[in-house]
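Some notes on the structure that comes next.
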Amino acid sequence: MGVDPGLMATGFGVLETSPGGVAVVDAGVVTTAAGQSLEARLHAIYGGIYRIIEGQAPALLIVEDLYTEYKFPRTAVLMGHARGIIYLAARQLGVTLLALTPSEVKRAVTGNGAAGKAQVQRAVQTLLGLENLPRPSHVADALALAITGMARVVGRVPAPRAAVTTGSSRLSS
C-alpha cells in the first residue's frame with residue numbers, strides 16, 4: 001500500500017500480487033477541508049488511513065519521504081505532522097513501513113527522477129494496465145509508491161494482470 005501524505009488530500013493505493021501479475025485493489029484520497037483546524041485535519045487523515053489499513057491489511061506501507069525546499073520550512077513541519085499520524089496508524093496495526101523519496105519513486109516508474117505529475121500518471125497507468133489515468137495526482141503518486149515498494153521487495157517492477165480494470169470509481173476522473 002502506498003500513501004502520499006497531504007493535509008488537503010492524502011492519496012492511497014493498494015496493490016495485490018498474484019502469479020498472473022499485479023492489480024489495483026483500492027485507491028483514492030482522504031480529504032480535509034481548508035477551513036478545518038490542523039488537529040481536525042490530522043484526526044480525519046488518521047481515521048481514514050487507519051480504516052483503510054485495517055480493512056486492506058497490507059503487508060507493507062510505503063510513505064513518501066519528507067522533502068521540501070529550505071524556502072518553505074512550514075510546509076515541511078506540516079507534512080511531518082501528516083506523515084506522523086500515518087506512521088502511528090500503521091504501527092498500531094502492526095504494518096511495516098518504508099519511506100521513499102519522490103525522486104526515487106519517479107525514477108523507478110518513469111526512468112526520470114525529476115518527472116512531472118502527468119508523466120507519473122501515464123507511467124502508473126501503463127505499469128498497472130489501467131484503462132484511465134489515475135486521478136487525482138495524489139492517487140497516481142500513492143500507486144507509484146506502492147509499485148516502487150513492491151519492486152523493492154520482489155526485485156523488479158511488477159507486470160499488470162492481463163485484464164485489469166479500474167473497478168473503483170475513485171480512479172476515474
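In this chain, residues are counted from 1 in sequence order.
- Using a 4.5 Å heavy-atom threshold, the side chains of Val105 and Ile62 count as separate.
- Between Leu128 and Leu15, the closest side-chain pair of non-hydrogen atoms falls below 4.5 Å.
- Between Met79 and Leu7, the shortest heavy-atom distance links the atoms CE-N, 3.6 Å.
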### Query
Checking side chain to side chain contact (heavy atoms under 4.5 Å, CB included) for the pair Ile53/Val3: CA distance, chi angles, key distance, verdict?
CA-CA 10 Å; Ile53 295 170; Val3 178; over 6 Å; no

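- Closest of all the heavy-atom pairs between Leu93 and Glu54 is CD1-N, 3.7 Å.
- Judged as a side-chain contact (heavy atoms from CB on, under 4.5 Å), and not counting sequence neighbours, the contacts of Ala108 are Thr148.
- The heavy-atom pair separating Val14 from Leu143 by the smallest distance is N-CD2, 4.4 Å.
- Put simply, Met8 and Ile49 are part of two different groups of oily side chains (I, L, V, M, F, W, Y) that touch within less than 4.5 Å, one to the next.
- Contact check for Leu100 versus Arg152: side-chain heavy atoms found under the 4.5 Å cut-off.
- Contact check for Tyr50 versus Ile85: no side-chain heavy atoms found under the 4.5 Å cut-off.
- The stretch residues 111-122 participates, sequence neighbours left out, in these side chain to side chain donor-acceptor pair (under 3.5 Å) pairs: Lys117-Asp141.
- No side-chain donor-acceptor contact under 3.5 Å links Thr110 to the backbone of Val120.
- Formation of a donor-acceptor pair under 3.5 Å by the Arg107 side chain with backbone atoms of Ala115 is not found in this model.
- No donor-acceptor distance shorter than 3.5 angstrom exists from the side chain of Glu64 to the backbone of Ala99, with no hydrogens or angles considered.
- Not counting sequence neighbours, Tyr87 has no partner by the ring-ring contact (aromatic ring centres under 6.0 Å, His included) test.
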